[in-house]
Student: 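After the structure tokens below, expect a handful of questions from me.
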Amino acid sequence: MNLGELLESDVVAAARHLLGWELRFGPLRARIVEAEAYRTPDDPACHAHRGQTPRNATMFGPAGKAYVYFTYGNHWMLNVVAHEPGNAAAVLIRALEPLEGLDEMRGRRLKATRDEDLLSGPGKLCQAFGITGELDGVDLFDGQGLHLVEGAAVTDVLTGSRIGITSGKEWPWRFVDAKAIRWASRPIKDLA
DNA sequence: GTCCGGATTACCT
DNA sequence: GGTAATCCGGACT
């Protein structure tokens, strides 16, 4: 099954297979090294668990769109919408390996002292790419603007519990490229 | 209208 | 490893 089919049917498998894909935005290019799955109706950590609101409406739409939201008063987060319209689910992009456009990323991430600090977190990568709520709902597979391009498949994947949530920790829906842990957002102590 | 908490980050020890 | 910062969305009175 290709990624498009996985996105429509199985957000957990889709999160796993999104590793290795490239995120592009103008001159910026970076490789997905960490992602997490969220879904309804059985996942209490999913924003859409308590139903549709204006904020999470994009997650209830068709797969393949960007769901971008604001949290903690400072940070934007980028997700890839999954499952069929009405069944809310999404893959949170948590970390990227920078490939091109490093200078532009550094220009937006003035607090980053090392290249490992550029994209190693969901809020950081949105800041480095200049992703804000204006991009909520854009098509990530149309080859223009902010979009995804298939890269070399990742074969060595670490799995663990999701970060920063209070319920739903028992599901190992966090995925990290084992050969790129240098770029991941957190240590991998519970990953196997 | 008010209150609480958050899919985080940055900075300090 | 711990915690302050920061402010919007959602739930509730």
Side-chain angles (χ1 to χ4, degrees), chain A residues 7 11-16 18-19 21 23 30 32-61 63 65-83 87-98 105-137 140 146 148 158-177 182-191:
Chain A
L7 275 175
V11 68
V12 177
R16 153 78 178 72
L18 223 27
L19 298 180
W21 279 64
L23 183 68
I32 298 174
V33 299
E34 179 176 351
E36 292 177 353
Y38 291 85
R39 75 183 183 192
T40 52
D42 57 344
D43 174 12
C46 181
H47 282 173
H49 184 241
R50 300 196 179 187
Q52 185 170 346
T53 68
R55 181 208 207 190
N56 65 28
T58 304
M59 230 197 305
F60 287 81
K65 309 285 190 185
Y67 166 46
V68 182
Y69 72 91
F70 191 68
T71 193
Y72 286 104
N74 296 306
H75 310 294
W76 294 98
M77 309 271 161
L78 172 66
N79 299 251
V80 182
V81 175
H83 292 181
N87 297 322
V91 177
L92 171 67
I93 307 302
R94 285 195 56 87
L96 306 168
E97 172 186 351
M105 296 177 196
R106 293 185 189 108
R108 291 207 184 89
R109 295 267 312 129
L110 297 176
K111 301 277 176 67
T113 54
R114 307 169 303 153
D115 286 349
E116 286 85 349
D117 294 324
L118 249 25
L119 305 170
S120 56
K124 296 177 187 177
L125 67 91
C126 284
Q127 186 180 25
F129 268 69
I131 295 169
T132 69
E134 293 180 5
L135 295 173
D136 184 47
L140 290 172
L146 182 69
L148 291 167
L158 298 172
T159 304
S161 55
R162 294 171 293 175
I163 305 294
I165 58 174
T166 52
S167 52
K169 285 180 177 168
E170 62 273 27
W171 286 314
W173 290 353
R174 177 188 181 210
F175 302 97
V176 177
D177 179 349
R182 167 186 176 198
W183 305 105
S185 67
R186 297 284 182 98
I188 44 151
K189 41 180 179 185
D190 72 322
L191 293 172

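Throughout, a chain's letter reflects where its sequence line sits, starting with A, and its residues are numbered from 1. Only a predicted model underlies this, so the values are computations on that prediction, with no experimental measurement involved.
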Student: Rounded to whole angstrom units, what separation is found between the CZ atom of Arg109(A) and the P atom of dT8(B)?
Tutor: 14 Å

Student: To the nearest Å, give me how far apart OH (Tyr69(A)) and C1' (dG5(B)) are.
Tutor: 13 Å

Student: Between atom CG in Asn74(A) and atom C1' in dT3(C), what is the gap in whole Å?
Tutor: 15 Å

Student: I want to check something: taking the side chain as every heavy atom from C-beta on, are Val33(A) and Leu119(A) in contact at a cut-off of under 4.5 Å?
Tutor: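 Result no, sub-4.5 Å side-chain heavy-atom pair not found.
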
Student: State which of dA10(B), dA7(B), dG10(C) makes the closest approach to the side chain of Lys124(A).
Tutor: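 Selected nucleotide (nearest to the side chain): dA10(B).
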
Student: Would one find more than 12 heavy atoms of other residues, nucleotides or ligands at under 6.0 Å from atom CD of Glu134(A)?
Tutor: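 12 or below, so no.
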
Student: Nearest whole angstrom, please: distance from the C1' of dT6(C) to the CE of Met77(A).
Tutor: 13 Å

Student: Assuming nearest nucleotide by heavy-atom distance, tell me which of Ile165(A) and Gln127(A) is located more 5' along DNA chain B.
Tutor: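 Checking each residue's closest nucleotide, the 5'-ward one belongs to Ile165(A).
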
Student: Taking Tyr69(A) as the fixed residue, which of Thr58(A), Asn79(A), Leu78(A) is the one that meets the side chain to side chain contact (heavy atoms under 4.5 Å, CB included) rule?
Tutor: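 The side chain to side chain contact (heavy atoms under 4.5 Å, CB included) with Tyr69(A) is passed solely by Asn79(A) among Thr58(A), Asn79(A), Leu78(A).
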
Student: On the nucleotide dC7(C), are OP1 or OP2 found under 4.0 Å from the side-chain N or O atoms that Arg55(A) carries?
Tutor: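 The answer is no; no side-chain N or O of Arg55(A) sits under 4.0 Å from OP1 or OP2.
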
Student: What nucleotide, of dG6(B), dT8(B), dA11(C), holds the atom closest to the side chain of Thr166(A)?
Tutor: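 Of dG6(B), dT8(B), dA11(C), dG6(B) is nearest to the side chain of Thr166(A).
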
Student: Just the rounded figure in Å: distance from C1' of dC8(C) to NE2 of His47(A).
Tutor: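 About 12 Å, once rounded to whole Å.
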
Student: Any non-hydrogen side-chain atom of Phe129(A) less than 4.5 Å from a side-chain atom of Met105(A)?
Tutor: yes

Student: Should stems be defined as at least three consecutive Watson-Crick or G-U pairs with both distances under 3.5 angstrom, which of them involve DNA chain B?
Tutor: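 B:1-6 with C:7-12, B:8-12 with C:1-5 - these are the stems of 3 or more pairs that involve DNA chain B.
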
Student: Any donor and acceptor pair, going by atom type alone, linking the side chain of His75(A) with main-chain N or O of Pro122(A) inside 3.5 Å?
Tutor: no

Student: Using the P atom in both, what is the distance from dT6(C) to dT2(B), to the nearest Å?
Tutor: 22 Å

Student: With rounding to the closest Å, how many angstrom separate the P atoms on dA7(B) and dG1(C)?
Tutor: 23 Å

Student: May I ask you to test the Glu36(A)-Ile165(A) pair for a side-chain heavy-atom distance under 4.5 Å?
Tutor: no

Student: Given dT8(B), dG10(C), dA10(B), which nucleotide is nearest the side-chain atoms of His75(A)?
Tutor: dT8(B)

Student: Among side-chain atoms of Arg109(A) and Gln127(A), is any donor-acceptor pair under 3.5 angstrom?
Tutor: yes

Student: Can you tell me how far P of dC7(C) sits from CH2 of Trp76(A), to the nearest Å?
Tutor: 13 Å

Student: For Lys111(A) and dA4(C), what is the distance between atoms NZ and P respectively, to the nearest whole Å?
Tutor: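 Rounded to whole Å, this separation is 18 Å.
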
Student: Are dA5(C) and Tyr72(A) stacked, with the base six-membered ring and the side-chain ring centres under 5.5 Å apart and planes under 30°?
Tutor: no

Student: Take atom CG of Asp136(A) and atom P of dG9(C), then tell me their distance rounded to the nearest Å.
Tutor: 12 Å

Student: Measure from the side chain of Tyr38(A), starting at C-beta and using heavy atoms only, and say which of dG9(C), dA7(B), dT9(B) lies closest.
Tutor: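 When the side chain of Tyr38(A) is considered, dA7(B) is the closest of dG9(C), dA7(B), dT9(B).
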
Student: Check whether any side-chain N or O of Arg94(A) sits under 4.0 Å from OP1 or OP2 of dT8(B), and answer yes or no.
Tutor: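 For dT8(B), OP1 or OP2 has a side-chain N or O of Arg94(A) closer than 4.0 Å.
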
Student: Excluding sequence neighbours, so at least two apart, what forms side chain to side chain donor-acceptor pair (under 3.5 Å) with His47(A)?
Tutor: Tyr67(A)

